[in-house]
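Since the structure comes first, as structure tokens, the remarks are kept for the end.
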There are 2 protein chains.
Amino acid sequence: MVMQMTKMSIDRRVARTRDTLHQTLMSLILKQGYEAITIRDICDTANVGRSTFYAHYTSKDDLMRSGIENLRSVLVDRQRAAQANPGDIRHRSLGFSLTLFEHARDHIDLHRGLVGGGTVALGIIRQILADLVRGELAATVDKKSEGATPREFVVQYIVGAYMAVLTWWLDRGAKPPPTEVDAMFRRLATDGILAHLAEGDRS
Amino acid sequence: MVMQMTKMSIDRRVARTRDTLHQTLMSLILKQGYEAITIRDICDTANVGRSTFYAHYTSKDDLMRSGIENLRSVLVDRQRAAQANPGDIRHRSLGFSLTLFEHARDHIDLHRGLVGGGTVALGIIRQILADLVRGELAATVDKKSEGATPREFVVQYIVGAYMAVLTWWLDRGAKPPPTEVDAMFRRLATDGILAHLAEGDRS
DNA sequence: AGGATTTTGGACTTGATGCCCGTTATCTTA
DNA sequence: TAAGATAACGGGCATCAAGTCCAAAATCCT
């Protein structure tokens with residue numbers, strides 16, 4: 001029979017295989033870290049033929065990429081909610097921060113695997129955040145206020161700082177609760193480090 | 001003859017080998033990126049037996065690590081010079097910024113290879129910067145002004161932001177000159193993003 | 001010059017990748 | 001529920017890099 005053009009309901013076997021592969025990858029990340037994982041490992045653990053793996057994904061990175069995309073939707077949703085809320089610019093901006101801190105705390109093992117692991121996951125998350133921040137800046141800042149600092153510069157600055165802080169926080173076992181790290185990050189980002197340094201040292 | 005205890009002048013063969021290996025690694029980074037380099041590549045290009053490589057280093061990362069340490073001294077030196085200079089806290093702090101931007105511009109190919117390449121180089125540079133910033137904060141901030149924000153949090157924040165900005169800048173071909181990016185970074189870091197956002201949008 | 005040390009190059013093992021293909025299991029749909 | 005389509009299996013195969021080892025040759029140091 002000819003394939004229907006718009007959208008075929010996905011074969012259950014395909015769905016099952018892909019699902020299993022994703023879950024297995026995650027569990028292996030927790031167990032041995034991303035880098036150390038081999039495609040053999042994944043297939044063996046998942047009870048999936050290696051040929052089958054290659055029928056769906058071209059590499060470990062490919063599997064990872066495809067599996068991490070749902071994180072984006074979570075963040076985007078919450079972001080939208082935060083944007084809708086009225087409030088001072090101080091509270092309205094950087095909406096992803098608390099969300100991601102909390103998500104990381106709730107799935108701490110997974111996130112530790114991600115950050116501890118390869119560049120791939122970090123890169124994807126980085127990109128997702130960059131998109132969010134970019135959108136936020138576009139909605140927040142006035143078009144005419146274009147200063148000497150390129151928009152993208154600010155985006156990279158914020159995302160870089162956030163990723164570093166998130167990683168550090170996870171490495172320490174997510175010690176201070178999300179709301180607190182969130183507050184620290186926001187303050188640092190919006191007010192700058194001068195406020196921190198000069199507190200007891202205003203010359 | 002018995003080995004002298006304190007310090008033996010290094011065998012010329014050893015020095016030559018190690019030197020060649022380092023230079024070769026760098027040139028290969030520029031040509032094909034760090035990740036894609038194989039130990040075979042290095043040895044072939046360097047005209048060094050593969051056995052010899054393993055007699056000196058245990059891995060590609062090992063070679064990289066040992067080779068990048070001189071960058072540290074460059075930065076540390078300039079940092080010291082900057083620290084000695086009198087001046088407002090705004091100019092005295094973040095001394096590494098301009099230095100590294102300039103170094104990156106002068107060795108742009110190398111730096112592009114580094115950042116474009118593996119996690120290793122980035123990690124090392126990150127660590128070097130973290131040490132610098134940590135030292136700087138310790139010298140700058142008053143002990144008693146310890147706020148709710150851990151010192152290390154600020155360090156990670158700054159370094160993360162800087163690395164991201166540096167990478168972005170290099171990817172764009174180091175377009176705005178070092179002094180300008182440096183100024184942008186400093187301003188963002190010390191004054192925060194609020195100053196930027198609110199410029200034309202003070203509600 | 002001569003003993004010490006390094007370099008060499010090739011052989012060997014191990015293990016991962018990626019691909020192929022005939023067989024078997026499972027799904028879809030009519 | 002039976003038939004035809006499709007996916008999964010699994011074993012084999014070629015390729016390549018990582019490491020290790022060793023005897024012979026080259027180079028260095030004093």
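Protein chains get the first letters and strands the later ones, always in sequence-line order, with residue 1 at the start of each.
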Taking side-chain hydrogen bond (donor to acceptor under 3.5 Å, both in side chains) as the test, write out the residues that go with [X], two or more places apart.
X        : value
B:Gln32  : none
B:Asp61  : B:Tyr34
A:Tyr157 : B:Tyr157
A:Arg13  : A:Asp11

Problem - Of all pairs that satisfy salt bridge (Lys or Arg N to Asp or Glu O under 4.0 Å), the ones with a partner from residues 93-107 of chain A, not counting sequence neighbours - result: A:Arg78-A:Glu102
Problem - Partner of B:Tyr162 by ring-ring contact (aromatic ring centres under 6.0 Å, His included), out of B:Trp169, B:Trp168, B:Phe185 - result: B:Phe185
Problem - Non-neighbouring partners of B:Asp77 that pass salt bridge (Lys or Arg N to Asp or Glu O under 4.0 Å), sequence neighbours left out - result: B:Arg80
Nearest whole angstrom, please: distance from the [atom2] of [N] to the [atom1] of [X].
X       : N      : atom1 : atom2 : value
A:Asn47 : D:dA7  : CG    : P     : 21 Å
B:Phe53 : C:dT6  : CZ    : P     : 17 Å
A:Asp61 : C:dG18 : CG    : C1'   : 15 Å
B:Arg18 : C:dT5  : CZ    : P     : 15 Å

List the atom pairs, with distances to 0.1 Å, where a side-chain N or O of residues 21-31 of chain B and a protein N or O form a donor-acceptor pair under 3.5 Å, not counting sequence neighbours.
{"from": "B:His22", "atom 1": "ND1", "to": "B:Arg18", "atom 2": "O", "distance (Å)": "3.2"}
{"from": "B:His22", "atom 1": "NE2", "to": "B:Ser66", "atom 2": "OG", "distance (Å)": "2.8"}
{"from": "B:Thr24", "atom 1": "OG1", "to": "B:Thr20", "atom 2": "O", "distance (Å)": "2.7"}
{"from": "B:Ser27", "atom 1": "OG", "to": "B:Thr24", "atom 2": "O", "distance (Å)": "2.9"}

Exercise for the section: Kindly say if A:His56 contacts the phosphate of D:dA8, meaning a side-chain N or O under 4.0 Å from OP1 or OP2. Expected result: yes
List, one per line, each side-chain donor-acceptor pair under 3.5 Å for residues 172-182 of chain B, sequence neighbours excluded.
{"from": "B:Asp182", "atom 1": "OD1", "to": "B:Ser97", "atom 2": "OG", "distance (Å)": "2.5"}
{"from": "B:Asp182", "atom 1": "OD1", "to": "B:Leu98", "atom 2": "N", "distance (Å)": "3.2"}
{"from": "B:Asp182", "atom 1": "OD1", "to": "B:Arg186", "atom 2": "NH1", "distance (Å)": "2.9"}
{"from": "B:Asp182", "atom 1": "OD2", "to": "B:Arg186", "atom 2": "NH1", "distance (Å)": "3.1"}

Exercise for the section: Check each residue of residues 19-28 of chain B for a non-hydrogen atom within less than 4.0 Å of any atom in DNA chain C, then write out the ones that pass by number, or none. Expected result: none
Completion exercise
Closest non-hydrogen atoms of B:Val155 and B:Arg134, given as atom of the first, atom of the second and distance, are CG2-CA, 4.0 Å
Exercise for the section: Would you mind reading off the bend of the helix from C:dA1-D:dT30 to C:dA30-D:dT1 from its two end axes, five pairs each, to 10 degrees? Expected result: 40°
Handout entry: A:Arg126 side-chain N/O to A:Val159 backbone N/O, donor-acceptor pair under 3.5 Å
Key = no
So which protein N/O to nucleotides 22-27 of chain C N/O distances come out below 3.5 Å?
{"from": "C:dT26", "atom 1": "O2", "to": "A:Arg13", "atom 2": "NH1", "distance (Å)": "2.7"}

Practice task
Inspect the surroundings of CD in B:Gln127 and state if more than 12 heavy atoms from other residues, nucleotides or ligands are less than 6.0 Å away.
Solution key: no
Handout entry: Ring centre gap for A:Phe96 and A:Phe101 strictly below 6.0 Å
Key = no
Can you name the atoms? Protein N/O to nucleotides 15-20 of chain D N/O, anything below 3.5 Å, with the distance.
{"from": "D:dA17", "atom 1": "O3'", "to": "B:Thr38", "atom 2": "OG1", "distance (Å)": "3.2"}
{"from": "D:dA18", "atom 1": "OP2", "to": "B:Thr38", "atom 2": "OG1", "distance (Å)": "2.8"}
{"from": "D:dA18", "atom 1": "OP2", "to": "B:Ile39", "atom 2": "N", "distance (Å)": "3.4"}
{"from": "D:dG19", "atom 1": "N7", "to": "B:Arg50", "atom 2": "NH1", "distance (Å)": "3.2"}
{"from": "D:dG19", "atom 1": "N7", "to": "B:Arg50", "atom 2": "NH2", "distance (Å)": "3.3"}
{"from": "D:dG19", "atom 1": "O6", "to": "B:Arg50", "atom 2": "NH2", "distance (Å)": "2.9"}

